[in-house]
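Inspection log for the structure reproduced underneath, given as structure tokens.
Just so we're clear, the structure is a prediction, and the values are computed from it rather than from any experiment.
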Amino acid sequence: MAWTRKILRVNLTAGTCTEEPLNMQWAQDYLGSRGLASKYLISEIDPKVDPLSPDNKMIMATGPLTGTMASTGGRYTVVTKGPLTGAIACSNSGGFFGAEMKFAGWDMIIFEGKSPKPVYLFVENEKAELRDASHLWGKSCWETEEIIKSQHQDPQIRISSIGKAGENQVLYACVVNDLHRAAGRSGVGAVMGSKNLKAVALRGTRGVGNVKDFPAFMKATNEAKKVLHDNAVTGQGLPKYGTQVLMNVINEIGALPTRNHRDVQFEDASKISAEAMHEKRESDGKTHLVTNAACFGCTIACGRISEIDKGHFTVKNSPKYWGASGGLEYEAAWALGAANGVGDLEALQYANLICNEQGMDPISFGATVGAAMELYEMGVLTAEQIGIDSPFGSAEALAKMVEMTAVGEGFGKELGMGSKRLCAKYGHPELSMSVKGQEFPAYDSRGIQGMGLAYATSNRGACHLRGYTVASEVLGIPVKTDPLATDGKPELVKAFQDATAVFDSAGICVFTSFAWTLADVQPQLDAACEGEWTMDKLNEVGERIWNMERMFNNAAGFTAKDDNLPPRLTQEPAKTGPAKGLVNGLAKMLPEYYQVRGWTPEGEPTADTRQRLGL
């Protein structure tokens, strides 16, 4: 269904829900989801707005392929100004919520203002209303979903909600849908909490229409699904092992950040890997992994459903965590594990469950724990301050910290600020492994050079999903490049960033790009969407979105000085592995990147670039 051509505007201050036509010229220029929602946000808020004030807005948006038969067409995004970073935030989630929004007849929902009391939005096709949520405030995401479904007597309602982390404005709180899918990064859940919006519940029965050329769309989507099926990564690796297939791979090439990036290899990586999730436990003879799972319309099925060891110290007295639930993805397993030196798979799953239950980004949480453990080992923080002995490798400390942070108690309040604010408070800002305030994901840029440039220039702070050069540098997709070289990386990063903006804005999953290039997406969009969608147009749309986001950040006060990496990555060489002796070569790559982008040496798009892209 290309676009439904309708947006829902929810004024939380006034308590009103209003239908508006979608700006179709903008849809032609920015496609949908990430690109189109960012265009709306940037057009409606002051770039310098306080992210947690009523003047900030939050948009939930689908793309033209969301809800269609395109493989992985279940994605939606939450776009706002992020409280963790102060930069533009766009968090992407799978599951079934995005498709349901489309089935109800909406391209996006814009939330503005602040409700005087807790509310949730209930949408049933064209009917939309705000309802009282005082009975839900203080509940977890899991409880909220159960109560709303029971209240409406409809188990097929799809729900996105915040837990206690969002209510307490943990700066990396996320928005959780379908129990364990999340718009995870940059603190979008804290913005939702600041607006007293507890949940959004959707029921759509309108189905899918508006596809421009249905026979051509059938043909294009079927051909693209065959490409996914025949590819070793999307057809075999991800279905069997999930993203966790990367744990041992990245460790072997010396790019697994360990103990707050002190090291680049983790001696216990194999104990927390995908392979370990398939092995039978000594304690009960069961495997950690129960099955794989797919989001709406997905033919890859990389999701993990796991069951924790009921006898593990974290859950032996908590039966609510014993059932099968969302399992560890690679980023979460790394952040909760290697980043802190914790090699206990069951402890990582416990922390992961709490993050899902109360709505927290496990990447930023785990990386912040890593910073706290380093401060503890240096003697800057004490066991009395934290509430427990917290050396690297302590599963007990990890479990205690996740509990405290999720509900905002004790030292958990400080962990909830993120590593940048935590480390600055205790006099060691250099120990925050972050860019623009957002913590790194699971790739050390001394061992994968292009990722250092991708992190430094990412518009939402450190992120692997804005330009995943790991595909090329490690996996050889679409072409193999040397992970230890800096030459050619500025061009590679730009190409990945622009293409990813199109994947995100189409409403499909970026994991398809392990097998697809834009040439596989183009016929699907051209058959679904009105107008001509050529390769040239898609390349321009991706570049336009990237530059628009950059211009918002510049207007918000970010400069070239913020395109940086912590000194640990540019001054302390890797100690082991293939990258031994290397630091990241950002100083060489960044000026070249600005040139390739058509930006000034200060990192601002030139007048020519802006004019060429219609900005």
Side-chain angles (χ1 to χ4, degrees), residues 140-142 163-165 168 170 172-174 176 180 182 258-260 266 268 271-272 276-277 281 283-284 288 304 306-329 331-377 381-419 422 439:
S140 70
C141 298
W142 295 353
K164 286 182 186 168
N168 296 333
V170 167
Y172 44 82
C174 53
V176 175
H180 42 76
T258 301
R259 290 176 280 272
N260 204 34
F266 183 37
D268 284 339
K271 293 182 185 173
I272 60 170
M277 290 169 73
R281 291 186 286 244
S283 58
D284 62 3
H288 183 86
R304 305 291 93 183
S306 294
E307 202 170 280
I308 200 165
D309 182 348
K310 297 177 180 62
H312 193 261
F313 78 88
T314 51
V315 297
K316 63 182 180 199
N317 298 317
S318 302
K320 71 170 171 172
Y321 299 116
W322 289 358
S325 190
L328 291 158
E329 314 291 342
E331 304 297 331
W334 162 77
L336 302 168
N340 313 311
V342 176
D344 178 341
L345 183 67
E346 307 300 327
L348 306 195
Q349 174 64 2
Y350 174 67
N352 192 54
L353 289 169
I354 301 271
C355 286
N356 289 342
E357 181 187 28
Q358 296 298 354
M360 282 196 307
D361 169 18
I363 300 178
S364 280
F365 166 72
T368 302
V369 169
M373 286 181 168
E374 182 158 3
L375 289 167
Y376 173 85
E377 292 210 341
L381 287 174
T382 64
E384 290 70 40
Q385 281 169 293
I386 298 173
I388 188 170
D389 286 323
S390 303
F392 281 122
S394 170
E396 291 75 15
L398 173 70
K400 174 86 170 161
M401 287 191 206
V402 77
E403 292 162 2
M404 291 192 294
T405 310
V407 298
E409 287 173 1
F411 190 70
K413 287 182 185 153
E414 302 200 30
L415 290 168
M417 300 188 298
S419 68
L422 179 78
E439 288 74 15

(message) Keeping Ser419 on the side-chain end and Thr368 on the backbone end, is there a donor-acceptor pair under 3.5 Å?
(response) no
(request) Locate the shortest heavy-atom distance separating Ala383 from Tyr376; write the atom from each residue and the value. (result) N-CE1, 3.7 Å
(request) Could you name each residue pair satisfying salt bridge (charged side-chain N to carboxylate O under 4.0 Å, His left out) that touches residues 335-346, not counting sequence neighbours? (result) Arg281-Glu346
(request) Scan for salt bridge (charged side-chain N to carboxylate O under 4.0 Å, His left out) pairs involving residues 354-371, sequence neighbours excluded, and state none if there are none. (result) Arg185-Asp361, Lys320-Glu357
(request) Indicate the atoms forming the closest heavy-atom contact of Gly327 with Ser306, along with that distance. (result) CA-OG, 3.6 Å
(message) Could you check whether any side-chain N or O of Asn352 sits under 3.5 Å from a backbone N or O of Leu348, counting only pairs where one atom can act as donor and the other as acceptor?
(response) no
(request) List for me each residue that meets side chain to side chain donor-acceptor pair (under 3.5 Å) alongside Ser283, sequence neighbours excluded, and say none if there are none. (result) Asp309
(message) Does any part of the side chain of Gln349, heavy atoms only, come nearer than 4.5 Å to the side chain of Leu328, both counted from C-beta?
(response) yes
(request) With sequence neighbours left out, write down each residue that passes salt bridge (charged side-chain N to carboxylate O under 4.0 Å, His left out) with Glu331, or none if nothing qualifies. (result) none
(message) Going by salt bridge (charged side-chain N to carboxylate O under 4.0 Å, His left out), name the residues that satisfy it together with Glu396, two or more places apart in sequence or in a different chain.
(response) none
(message) Filter on side chain to side chain donor-acceptor pair (under 3.5 Å), then keep only pairs touching residues 406-417, sequence neighbours left out; what's left?
(response) Glu414-Lys425, Glu414-Tyr426
(request) Report the distance from atom OG1 of Thr405 to atom CE of Met417, rounding to the nearest 0.5 Å. (result) 10.5 Å
(request) Could you pull out the closest heavy-atom pair between Ser394 and Asp389, with the gap in Å? (result) OG-O, 4.0 Å
(request) Check for a donor-acceptor pair, side chain of Gln358 on one end and backbone N or O of Ala165 on the other, with a separation under 3.5 Å. (result) no
(message) Could you measure the distance from the CG atom of Leu345 to the CG atom of Asp268? Nearest 0.5 Å is fine.
(response) 11.5 Å
(request) Only counting residues at least two apart or in another chain, list the ones meeting salt bridge (charged side-chain N to carboxylate O under 4.0 Å, His left out) with Glu307. (result) Lys286, Lys310
(message) Under the rule for side chain to side chain donor-acceptor pair (under 3.5 Å), what residues qualify as partners of Ser390, not counting sequence neighbours?
(response) none
(request) For residues Val170 and Phe365, determine if any side-chain heavy atom of one lies less than 4.5 Å from a side-chain heavy atom of the other. (result) no
(request) Please answer whether the main-chain N or O of Phe392 pairs with a side-chain N or O of Glu377 as donor and acceptor at a distance below 3.5 Å. (result) yes
(request) State, yes or no, whether a side-chain contact exists between Met401 and Ile386 at a heavy-atom distance under 4.5 Å. (result) yes
(request) List in chain and number order the residues that pass side-chain contact (heavy atoms from CB on, under 4.5 Å) with Lys400, two or more places apart in sequence or in another chain; answer none if no residue qualifies. (result) Ile388, Met404
(request) Show your reasoning for whether side-chain contact (heavy atoms from CB on, under 4.5 Å) applies to Val342 and Val369. (result) CA-CA 11 Å; Val342 176; Val369 169; over 6 Å; no
(message) Is there a side-chain contact between Met373 and Asn260 in this structure, where contact means two heavy atoms from C-beta onward sitting under 4.5 Å apart?
(response) no
(message) I need the minimum non-hydrogen distance between Leu336 and Pro362, along with the two atoms involved.
(response) CD2-O, 4.1 Å
(request) Identify, with sequence neighbours excluded, every residue that meets salt bridge (charged side-chain N to carboxylate O under 4.0 Å, His left out) alongside Glu374. (result) Arg262, Arg568
(request) Search all heavy atoms of Gly366 against all heavy atoms of Asn340 and return the closest pair with its distance. (result) O-OD1, 3.0 Å
(message) I'd like to check Val176 versus Trp142 (side-chain heavy atoms, cut-off strictly below 4.5 Å). Are they in contact?
(response) no
(message) Tyr321: which residues meet the ring pair (Phe, Tyr, Trp, His ring centres under 6.0 Å) condition with it, sequence neighbours left out?
(response) Tyr350
(message) Once side-chain contact (heavy atoms from CB on, under 4.5 Å) is applied, do any residues pair with Ala335, and if so which ones, sequence neighbours excluded?
(response) none
(message) I want to check something: taking the side chain as every heavy atom from C-beta on, are Val402 and Leu415 in contact at a cut-off of under 4.5 Å?
(response) no
(request) Evaluate the side-chain proximity of Val315 to Leu353: yes if any heavy-atom separation is below 4.5 Å, no if none is. (result) no
